[in-house]
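Just so it is clear: chains get the letters A, B, ... in the order the sequence lines come, proteins before strands, and each one is counted from 1.
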Amino acid sequence: MSVTILAIAEQRNGEIKKTSFETIRKAREIADELGGSLKALVIGNTINDAAKELGNYGAEQVVVVNDEKLTHYSTTGYTKVVSEIVKKENTGILFLSATALGKDLAPCVAARVDGAVAADCTELKVDDGDIVATRPVFAGKALIDVKVEAPVKIFTLRPNVFAAGEPSGSEASIEEQSVDISGDDLKTKVTEITETSKGKLDVTEADIIVSGGRGLKSPDNFYLVEELADVLGAAVGASRAVVDAGWRPHDEQVGQTGKTVSPALYIALGISGAVQHLAGMSSSKYIVAVNKDKDAPIFQVADYGIVGDALEVVPALKEELTKALGK
Amino acid sequence: MKIAVCVSHVPDTETKVKVGSDGKTIDPSGVNYVVNPYDEFAVEEALKIREKDGGEVVALSLGGDANKETLRKALAMGADKAVLLKDDSERDSFAVAKGIAEYLKSYEPDLVLVGKQSIDYDNLQVGGLVAEFLGIPSVSVAVKLEIADGKLKAEREIEGAHEHVEASLPCVIAAQRGLNDPRYPSLKGIMQAKKKPIEEVDAAKAESRVKVLGMKKPPEKQPGKIVGEGVDAVPELVRLLREEAKVI
Ligand SMILES: Cc1cc2nc3c(=O)[nH]c(=O)nc-3n(C[C@H](O)[C@H](O)[C@H](O)COP(=O)(O)OP(=O)(O)OC[C@H]3O[C@@H](n4cnc5c(N)ncnc54)[C@H](O)[C@@H]3O)c2cc1C
Ligand SMILES: Nc1ncnc2c1ncn2[C@@H]1O[C@H](COP(=O)(O)O)[C@@H](O)[C@H]1O
């Protein structure tokens with residue numbers, strides 16, 4: 001019996017998220033190894049054009065569900081759609097990105113389709129015809145290998161971990177399906193979306209993060225962090241100490257009780273490197289630390305460190321980078 | 001309002017994780033267990049709603065006897081009742097949620113509060129699963145909650161934005177940092193909690209579905225190099241980022 005993997009591609013304002021490309025590409029690889037096929041699913045409103053792009057990453061076929069009521073995410077509405085499509089397509093394997101949407105949707109769908117979720121996977125491989133997933137636990141202090149034993153096996157993939165690869169230039173074929181959304185299906189409804197970061201990048205979506213801690217001395221000095229982030233096209237992050245002090249908003253907090261990130265480059269400025277902070281960022285590919293204390297624990301995980309006063313080093317770094325990047 | 005709040009019992013954030021002798025779970029020796037930090041926001045929110053609208057707050061925890069300590073903390077903060085859903089085996093989120101949902105079917109809460117995630121297995125699943133098992137809606141990662149005239153409004157954190165969500169009651173809410181500032185138990189609360197009974201009920205049976213094959217430590221990160229001191233080290237750092245790391 002040949003298997004079909006269904007992979008959810010996520011759109012916001014009609015655009016497919018980059019992390020969905022990563023998820024589709026990995027789903028393609030796993031489908032090939034299992035000798036099965038792959039279908040992508042996009043939910044929204046008039047999103048056919050964006051859906052065609054998924055061909056670039058290995059989804060030849062895309063199921064599109066267009067409904068005005070699905071323009072914005074609704075937990076119950078999307079759960080209904082995904083569950084119906086899983087049943088219609090008779091798929092036993094479902095992939096999602098471990099984004100805000102994916103993490104919300106996966107358990108709800110699992111309950112409805114008799115499935116179970118391996119959450120926030122950082123590695124997936126096929127072993128003896130079955131998928132083995134690796135996932136970080138205890139805030140990344142350990143990794144577990146798991147197998148899902150359920151009629152529908154669901155995997156959410158951590159963003160920024162799997163490579164999307166180069167677009168192949170091929171277009172996916174679109175198959176429109178409709179799912180009736182009414183009454184109870186909209187027990188949750190999004191009425192409004194307010195941007196919290198005024199168009200700025202979120203730490204979980206950024207390739208580069210510039211984070212500041214108490215070593216910056218005052219909230220007024222955070223313009224230094226913001227300017228450096230601007231030069232690099234980076235997101236701004238923060239330690240819990242400065243979030244608790246009210247210097248920075250909650251959604252910038254990186255760490256065990258903040259966000260888990262794995263960017264290509266993480267720059268920690270005036271952050272001591274407490275275990276709870278490291279838990280959220282130690283899987284970053286490259287870590288740079290600037291701290292005036294040469295014994296600060298952050299240097300234990302930093303690839304490159306500068307011992308010095310952040311208030312002096314950061315402006316110099318900004319200038320040097322501006323030159324180097326030709327801005 | 002009948003409010004159920006689910007609390008889990010987890011190793012504290014300072015824990016140095018060692019893989020246990022079975023190769024699948026952590027070695028519990030020397031580990032200090034605490035109330036899951038996100039569950040403190042859940043308990044606080046439950047208490048705030050009770051203080052405003054009246055009703056009852058029952059704290060639930062599924063696990064072994066050790067979980068009583070966590071239930072005791074919820075009582076000390078101000079919960080009216082505590083129920084231990086007893087089961088000594090390791091359960092995944094699916095099996096935990098089944099156990100909780102079975103209990104709640106007869107309790108019939110108006111509102112269920114959970115934490116955003118348990119900081120042990122970082123699953124973020126119990127809230128959504130419980131909601132679906134009960135056939136009620138859920139809002140995850142909630143940073144704001146308002147209940148008035150039988151209607152629920154919440155704000156949910158997503159990438160770079162908040163979604164404003166309306167949902168019908170009963171509903172499951174998963175609390176995120178920022179929702180409130182959890183109170184410290186008062187001395188009086190702690191004394192009273194010692195006297196309040198903890199009801200024990202056998203948790204409904206459920207099989208775990210995510211099977212752990214093995215646990216390992218992540219590859220040790222090698223400490224890197226100190227490029228230098230102060231502003232003089234900046235040009236060399238930029239060179240390394242470009243030529244060695246190739247990240248800019
Ligand atoms: C349950 C729990 C959960 C937690 N969760 C998180 C979490 O998710 N994220 C998180 O970050 N923390 C978390 N913490 C807090 C954590 O333990 C630390 O307290 C926090 O990370 C410290 O923040 P910091 O590094 O900014 O401040 P500090 O520890 O005060 O460090 C400041 C650093 O700046 C350096 N410095 C001072 N002046 C300068 C200067 N002029 N130039 C350069 N460097 C300078 C100092 O040498 C020091 O290393 C948690 C704690 C608990 C108990
Ligand atoms: N064993 C448990 N007993 C009671 N509540 C739990 C248990 N495990 C998880 N929860 C609740 O579900 C939330 C999310 O947990 P998880 O899905 O495991 O990350 C936690 O913050 C708790 O509120």
Original post:
Relative to chain A, which of B/Glu236, B/Lys217, B/Glu244 shows the most heavy atom pairs under 4.5 Å?
Top reply: B/Glu244
Subject >> B/Glu45 and B/Asn180 side chains, donor-acceptor separation under 3.5 Å >> reply: yes
**OP:** Answer with side chain, backbone, both or neither: which region of A/Val243 has an atom nearer than 4.5 Å to a non-hydrogen atom of chain B?
**Re:** side chain
Original post:
Out of B/Leu152, B/Asn123, B/Val126, which one racks up the most heavy-atom pairs below 4.5 Å with chain A?
Top reply: B/Asn123
Side-chain polar contacts of residues 109-117 of chain A - donor-acceptor pairs under 3.5 angstrom, sequence neighbours left out - could you list them?
from	atom 1	to	atom 2	distance (Å)
A/Arg112	NE	B/Glu132	OE1	2.7
A/Arg112	NH2	B/Glu132	OE1	3.4
A/Arg112	NH2	B/Glu132	OE2	3.0
A/Asp114	OD1	B/Arg209	NH1	3.0
A/Asp114	OD1	B/Arg209	NH2	2.6

Subject >> Which portion of A/Thr75 sits near chain B, non-hydrogen atoms under 4.5 angstrom >> reply: side chain
Subject >> Leading residue by heavy atom contact count with chain A [cutoff under 4.5 Å; candidates B/Gly128, B/Pro137, B/Ser93] >> reply: B/Pro137
Original post:
Does a donor on one side chain sit under 3.5 Å from an acceptor on the other, for A/Tyr78 and A/Asp104?
Top reply: no
Subject >> Residue selection (most heavy-atom pairs with chain A, distance under 4.5 Å) from B/Lys98, B/Gln125, B/Met215 >> reply: B/Gln125
Subject >> Euclidean distance, B/Ile49 CD1 relative to B/Ile3 CD1, rounded to 0.5 Å >> reply: 5.0 Å
Original post:
Judged by modelled atom types alone, do B/Asn67 and B/Thr70 share a side-chain donor-acceptor pair under 3.5 Å?
Top reply: no
Original post:
Which residue out of B/Val19, B/Leu129, B/Val212, B/Asp120 racks up the most heavy-atom pairs below 4.5 Å with chain A?
Top reply: B/Asp120
